[in-house]
Amino acid sequence: MTLIDETSTIPAGGPTLEQVRRIVTELPGPRSAAILARKADAVASGVAHSMPVSVVAAGGGVVVDADGNSLIDLGSGIAVTSVGNAHPKVAAAVAAQAAQFTHTCFMVSPYESYVDVAEALNRLTPGDFAKKTALFNSGAEAVENAIKIARKHTGRQAVVAFDHGYHGRTNLTMALTAKAMPYKAGFGPFAPEVYRVPGSYPYRDGLTGAEAAERAITLIEKQIGADSLAAVIIEPIQGEGGFIVPADGFLDAVVAWCRDNGVVFIADEVQTGFARTGAMFASEIFGIEPDLVTTAKGIAAGLPLAGVTGRAEIMDAAHAGGLGGTYGGNPIACAAALAAIDAFENDGLIERARQIGEVLTTRLGAMRDSDARLGDIRGHGAMIAVEFVDAETGAPDAALTAAVAKACVAEGVIILTCGTFGNVIRFLPPLSIGDDLLNEGLDVLATALERA
Ligand SMILES: *Cc1c(COP(=O)(O)O)cnc(C)c1O
């Protein structure tokens with residue numbers, strides 16, 4: 001283990017961090033507890049946290065807290081540190097750029113790294129057509145801008161989003177997001193001209209992809225009208241909604257209908273992008289070519305960066321000065337993104353995501369064989385989830401889910417829940433995690449499940 005400096009007991013982050021689960025205090029330990037008490041006094045209580053720790057280092061497959069507890073990371077800070085926390089290439093690129101210049105505002109004095117990121121996104125996103133990119137700070141901001149661009153391009157206003165969809169916490173993206181608690185309750189009024197239709201949730205709706213697409217398209221045609229519709233936005237695999245994988249044939253039918261009707265199809269790949277699903281983008285799994293793709297989370301290993309990438313003629317619809325922002329495409333974030341993209345492309349991370357998916361689905365599948373409370377196991381690559389249900393009725397079991405997650409947390413495993421019904425545990429490990437730690441995390445889950 002490397003220490004930050006010789007007088008410190010805090011380990012340096014990154015892949016040299018000792019790859020073990022080690023719980024040396026109750027969680028939170030005294031140092032974390034003191035910081036969390038200050039958090040309660042100083043930070044708005046709407047900003048909640050799920051792990052009772054204060055982090056000092058992270059890397060590979062672990063997160064270390066102020067008391068020296070080393071936790072297995074099965075969340076990647078919500079699908080962000082896919083290349084690994086404090087990845088050496090990213091850390092070096094960030095340090096070098098910070099020493100060079102930290103900001104000019106790309107809209108004032110442009111620089112090459114922003115152009116490099118745009119070229120990389122144009123090349124890597126699905127579709128063999130001319131593309132352009134604009135960079136922003138967060139997933140929500142990317143989604144907002146994709147809608148702006150689609151409206152300007154089509155001259156239409158309505159936008160369709162889906163049941164179980166999640167697109168962010170700003171006003172327009174709250175309107176696009178399905179779930180009231182905790183994302184929307186009390187925060188209205190919401191942006192107008194947003195319509196929600198059912199998507200495809202094979203485990204619960206029992207429909208084929210074609211049937212689910214027909215249901216959605218009929219509602220769109222009858223209740224909105226194609227002539228009023230600027231865009232349809234969907235996550236190819238719904239993230240916060242419960243890692244819902246649409247039935248085969250659903251997405252391509254919706255894409256085809258959009259194309260026939262001059263509607264911009266936006267794939268929100270903020271969570272699914274950048275190798276997470278065992279493909280560079282999840283759209284590839286379903287054989288679709290979105291008109292616009294939104295990206296963020298995994299793009300820059302934790303530096304705030306987001307993008308909208310898509311057909312050049314759509315992207316160019318906005319007038320000069322109509323898109324941008326003070327920080328969008330910040331040079332340090334761009335440097336981090338270029339280093340992360342280098343790792344995604346050259347360090348076998350897509351393949352690694354598939355291997356992680358194999359381990360997860362094999363182990364979870366074995367648990368399910370003897371435990372009917374695991375209602376559904378789904379996802380792709382390193383984006384896998386279990387939906388917990390009442391073994392008799394199949395009803396969502398949020399209480400069991402919360403109890404299992406809490407037990408895992410107490411044993412030093414960072415685990416995230418999700419789902420409209422709060423009954424899904426999702427696995428989003430960093431692609432830098434080793435099989436040993438991954439299996440140990442699943443052992444902890446299996447024990448928690450037996451005891452629950
Ligand atoms: C997280 C997420 C967002 C919002 O991204 P932020 O960076 O938190 O604003 C949007 N869409 C999807 C699919 C997400 O998972």
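Ligands are counted one by one from 1 in listed order, and the atoms in each one are counted from 1 as well. A quick note: this is a predicted structure, and the numbers were derived from the prediction, not measured.
With respect to R352 and D435, a salt bridge is recorded, a charged nitrogen being found less than 4.0 Å from a carboxylate O. Ionic pairing of E193 and R151 is not present here: no N-O contact between side-chain nitrogen and carboxylate oxygen is shorter than 4.0 angstrom. With salt bridges taken as basic N to acidic carboxylate O contacts below 4.0 Å, none links D397 and R373.
At the top of the distance list for atom 15 (O) of ligand 1, counting protein heavy atoms only, stands K297 NZ, 2.6 Å. Protein heavy atom nearest atom 5 (O) of ligand 1, with residue, atom name and distance: G139 CA, 3.2 Å.
Geometrically, ligand 1 and Q271 share a nitrogen or oxygen pair separated by less than 3.5 Å. At a 3.5 angstrom cut-off on N or O pairs, A140 counts as close to ligand 1.
Y166 meets the ring pair (Phe, Tyr, Trp, His ring centres under 6.0 Å) test with Y183; sequence neighbours excluded.
Close contacts between ligand 1 and Y166 involve ligand atoms 1 (C), 2 (C), 3 (C), 11 (N), 12 (C), 13 (C), 14 (C) [criterion: under 4.0 Å to a heavy atom]. Atoms of ligand 1 lying under 4.0 Å from any heavy atom of E235, numbered from 1 in the order shown and given with element: 13 (C). Atoms of ligand 1 lying under 4.0 Å from at least one heavy atom of D268, given by number and element, are 10 (C), 11 (N), 12 (C), 13 (C).
Nearest-residue assignment for atom 10 (C) of ligand 1 (options E141, E144, H167, Q238; heavy-atom criterion): H167.
By the definition of a contact as any protein heavy atom under 4.0 Å away, atom 8 (O) of ligand 1 is not in contact.
Remark: the E144 side chain and the T170 side chain contain an N/O donor-acceptor pair separated by less than 3.5 Å.
Judged by distance alone, with hydrogens and angles left aside, the side-chain atoms of K179 form a donor-acceptor pair with the main-chain N or O of G419 at under 3.5 Å.
Separation of the Y327 and F106 ring centroids does not fall under the 6.0 Å cut-off.
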